[in-house]
4 protein chains.
Amino acid sequence: MPRLTANARSEVRERLLRAAATRFAADGFEGANINTISLQAGLAKGTVYNYFSSKEELFGEVIRSASRRAVELWSRAPAGGSLEECLRALAAADVRVLREQEPFMKVLVREAMSFRPETYPMILEHLAPFLEAVGGCLGRAVGGGRLRDDLPPEELALVFVGMLALFYIQHWGSDGAWPVLDDVPELVVTLFLDGARGPAARASGNVQ
Amino acid sequence: MPRLTANARSEVRERLLRAAATRFAADGFEGANINTISLQAGLAKGTVYNYFSSKEELFGEVIRSASRRAVELWSRAPAGGSLEECLRALAAADVRVLREQEPFMKVLVREAMSFRPETYPMILEHLAPFLEAVGGCLGRAVGGGRLRDDLPPEELALVFVGMLALFYIQHWGSDGAWPVLDDVPELVVTLFLDGARGPAARASGNVQ
Amino acid sequence: MPRLTANARSEVRERLLRAAATRFAADGFEGANINTISLQAGLAKGTVYNYFSSKEELFGEVIRSASRRAVELWSRAPAGGSLEECLRALAAADVRVLREQEPFMKVLVREAMSFRPETYPMILEHLAPFLEAVGGCLGRAVGGGRLRDDLPPEELALVFVGMLALFYIQHWGSDGAWPVLDDVPELVVTLFLDGARGPAARASGNVQ
Amino acid sequence: MPRLTANARSEVRERLLRAAATRFAADGFEGANINTISLQAGLAKGTVYNYFSSKEELFGEVIRSASRRAVELWSRAPAGGSLEECLRALAAADVRVLREQEPFMKVLVREAMSFRPETYPMILEHLAPFLEAVGGCLGRAVGGGRLRDDLPPEELALVFVGMLALFYIQHWGSDGAWPVLDDVPELVVTLFLDGARGPAARASGNVQ
DNA sequence: AATGAATGAGTCTTCATTCAT
DNA sequence: GATGAATGAAGACTCATTCAT
């Protein structure tokens, strides 16, 4: 008879993952330290190894867990409507994940941006569902001539996701000064679709 | 009287910085290793400490040196002409720096994207000249209504620089598959200015 | 009233000792691992400590139990007859113990041969009954001039037991190739008594 | 220009090997501890790793170094003369190695007797020259009918070497009480050749 | 009685840094 | 100035042991 119920066990696991996410986000993979992680989770060093077989695996689980939750929220986002609405819904879902799992998302973004050969593929793999959702919105818009046709939707999707990450980084780097998270979906959608010239410029500037 | 001419001394220093940039770019700050760096520079471990007082300082100098060279090239870029031309010239200058100093730039981008509190301000500080140059191009365009006015030029400049970095990351992450470096200036300028809808959509899709 | 019958309790104890012997034999004292031992016995780690107070004690009990069984079998060996018969019977009994309790015997031999100050005396102590039996065979033969008299029977007994161990080691080390266990009693007795020159050489070679 | 001459460097290496041999002999491979070894050599922990890449390698070098010296002395032993003289010379050479390199030899014997699959082959490999020398003495004697012919010389050589080890173990286990090292060559040769019955028994006891 | 989660001392190993030559 | 041997702090990981259930 196990001493801990499956539930209690997984609660401890969660606590460890949360602590690990915080430390990995703050210090990076190399900089983080198992002892500190365990203490932050209110446990002793050795306990970490009852749940994860190595620092590497712990790190992988942090990433996996981050993207699992993200995919879940993304998939609930209503993907219909106009192009703007579709993208805005996805961006909003992503921001919601960010708020809910900030440390996890920091790790995710940080790793995605560090292009380390070891983790880049893993990140991309877990990003795939979101990229596909974005690609779906874009694909439906291509037909109507509402999108530039010199770039395939997949590459545009990468740019969209990249811009999201960009604003997060800017948000964290400026200590929340700009942009405010609430503004990110609107910001990313309009800049992604209309660029710096904006929709206004579009209407006026082209008559001549 | 020094036993080495200032010239010889600074030549060794350069060699060390170059080796350090390569290693830091490949392995990150923690992962890089003084011994390997010195060997790659054709010197012995101890010699590093005749030129830099610590690993931290060496890292700082790598970043400083990366941005010094970048600023130099940026400042030579002709900043006049139309908005497109101005931005394209700056982006092209940046790509030139990238080619010339790839390891240094990798370190720079990687650190900028890792938003570590220790280095983020340093990076921003060294980015300032470039940001100002971009801001200059944009500022001159704001007046003529050729730019959206819901965002100040400084923030737009950050987005522009961020998008550049985004394409570099994508370039490195895809092992050079997409985008090719030569395409980056055009790509970043058009996406930055016109967004995913593109200039074509602008002419056609909006008249009605 | 105990919740386990004495019988059930001692059955579990046996299972633990057997598992421990296997692991200690394969991995040595330091290399063996309580968790593995308990699992091999079909129990959980903690249970080991309901039966033995520490790894050290468990190890001691393995040795004690090995020699207890050996002594028992040795004592049943018919000790009469000629010198050869007497020694052969003892050696055969020893080989029988070996077959029956191979892991235990491996631990025993391994420890005896490692002359660790902590265990050497314990081993010798448990070997005593067998040494005495061998000494008995030899003592009866000394009188008749059928044994060299430059060495006391006790030391000869040590040599006999050592040679037995030697053949076991050789057997294990060669993965059973040579000698086969069945041959050991004959082999050890003839080599011990007649040496490399053998009984044939004795008859012929000395006439000249 | 290296800070240490090759000589000084190899002197430190020797010191480390000597310390390691002592610790490995006393505690076994697992039981020994790099920190203790380095301190016993008058150095700090880290220094060990300037000379050996791991504990495993250090251990291997201890064994290699033990057998190198032994082979050297063995090869100088005059291998001619009668069978007795030949074997006695080899045994005497081995005892000389033992005296000179007691800790090393303890490791060697201990490992040889522990029949660990990892090290057993290594030991045998390094023992080969000695086994061959012994085999040489025996081979030359086989022809004249001065040796039993029911066992091939190679197996007899193994028994000879094993008996030597046996007496060493007995010597160490009895704290030097019996046998005295000086007596070992004579002891091992006569017991190996004539067995417990001895040469006297041969002349008298067998005629009838 | 059995369990297995938690613990933390102890181990190997790495590596920035110092400094005698 | 360059060198590389020596150092020891720090970190990942193992495992005997404890103890609540």
Side-chain angles (χ1 to χ4, degrees), chain A residues 1-5 8-9 12-13 30-39 41-56 58, chain B residues 2-4 8-9 12 30-39 41-58, chain C residues 2-4 8-9 12 30-39 41-58, chain D residues 1-5 8-9 12-13 30-39 41-56 58:
Chain A
M1 167 188 38
R3 193 185 148 198
L4 257 62
T5 63
R9 193 176 160 82
V12 170
R13 202 186 126 98
E30 310 269 1
N33 140 358
I34 292 285
N35 195 36
T36 309
I37 289 173
S38 65
L39 292 180
L43 296 164
K45 193 176 19 169
T47 306
V48 173
Y49 291 89
N50 289 338
Y51 289 82
F52 306 95
S53 72
S54 70
K55 190 185 180 184
E56 288 257 328
L58 174 56
Chain B
R3 286 162 77 180
L4 253 59
R9 192 174 161 80
V12 170
E30 310 271 356
N33 152 340
I34 291 285
N35 193 36
T36 309
I37 290 173
S38 65
L39 292 180
L43 295 165
K45 200 173 8 174
T47 307
V48 172
Y49 290 86
N50 291 336
Y51 290 82
F52 306 94
S53 71
S54 73
K55 191 187 180 183
E56 289 258 330
E57 194 198 289
L58 174 55
Chain C
R3 284 163 76 183
L4 254 61
R9 190 173 165 84
V12 171
E30 310 271 356
N33 156 336
I34 291 285
N35 193 36
T36 309
I37 290 172
S38 65
L39 292 180
L43 295 165
K45 200 173 6 174
T47 306
V48 172
Y49 290 87
N50 291 336
Y51 290 82
F52 306 95
S53 71
S54 72
K55 191 185 182 185
E56 289 258 329
E57 195 199 288
L58 173 56
Chain D
M1 167 188 38
R3 193 183 148 200
L4 256 62
T5 62
R9 192 175 161 83
V12 171
R13 201 186 127 97
E30 310 269 1
N33 139 354
I34 292 284
N35 194 38
T36 309
I37 289 173
S38 65
L39 292 180
L43 294 165
K45 196 176 14 171
T47 305
V48 172
Y49 291 88
N50 290 337
Y51 290 83
F52 307 95
S53 69
S54 70
K55 190 184 181 185
E56 289 257 327
L58 174 55

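Residue numbering restarts at 1 for every chain, and letters A, B, ... go by the order of the sequence lines. Below, all heavy atoms of this structure are taken into account, side chains as well, without hydrogens, waters or symmetry copies.
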Whole angstrom is fine here: how far is it from [atom1] in [X] over to [atom2] in [N]?
X       : N      : atom1 : atom2 : value
B:Arg9  : F:dA2  : CZ    : P     : 7 Å
C:Asn35 : F:dC13 : CG    : P     : 18 Å
B:Ile34 : F:dA5  : CD1   : P     : 18 Å
D:Leu58 : E:dT11 : CG    : C1'   : 15 Å
D:Leu39 : F:dT7  : CG    : C1'   : 12 Å
B:Phe52 : F:dG1  : CZ    : P     : 14 Å
B:Asn50 : E:dT18 : CG    : P     : 12 Å

Could you state the interatomic distance from [atom1] ([X]) to [atom2] ([Y]), rounded to the nearest 0.5 Å?
X       : Y       : atom1 : atom2 : answer
B:Ile37 : B:Lys45 : CD1   : NZ    : 12.5 Å
A:Asn33 : A:Leu39 : CG    : CG    : 8.5 Å
A:Arg9  : A:Asn50 : CZ    : CG    : 7.0 Å
A:Tyr49 : A:Ser38 : OH    : OG    : 9.0 Å

Contact class for C:Ala32 vs. all strands (heavy atom < 4.0 Å): base, sugar-phosphate, or nothing?
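Since only primed, P, OP1 and OP2 atoms lie under 4.0 Å of C:Ala32, the category is sugar-phosphate.
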Reading 5' to 3' and counting Watson-Crick or G-U wobble pairs with both distances under 3.5 Å, write the dot-bracket notation for DNA chain E, | for bases paired outside the strand.
.||||||||||||||||||||
If you pin D:Leu43 and A:Glu30 to their nearest nucleotides in DNA chain F, which one's is more 5'?
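Nearest-nucleotide comparison on DNA chain F picks D:Leu43.
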What nitrogen or oxygen pairs link the protein and nucleotides 8-10 of chain F at under 3.5 Å?
from   : atom 1 : to      : atom 2 : distance (Å)
F:dA10 : N6     : D:Lys45 : NZ     : 3.2

If you define the side chain from C-beta out and look only at heavy atoms, does anything of C:Leu43 sit under 4.5 Å from C:Val12?
yes
So, OP1 or OP2 of E:dA1: does either fall under 4.0 Å of a side-chain N or O from C:Tyr51?
no
Quick one: is D:Tyr49 getting a side-chain N or O under 4.0 Å of the F:dA5 phosphate, OP1 or OP2?
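For F:dA5, OP1/OP2 do not have a side-chain N/O of D:Tyr49 under 4.0 Å.
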Partners meeting side chain to side chain donor-acceptor pair (under 3.5 Å) with [X] (sequence neighbours left out):
X       : result
D:Asn35 : none
C:Glu30 : none
B:Glu57 : B:Ser53
A:Thr47 : none

Residue closer to the 5' end of DNA chain E, B:Ser54 versus A:Gly42 (nearest nucleotide):
A:Gly42
Nearest-neighbour nucleotide for the C:Lys55 side chain, F:dA16, E:dT14, F:dT7 considered
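The answer is F:dA16.
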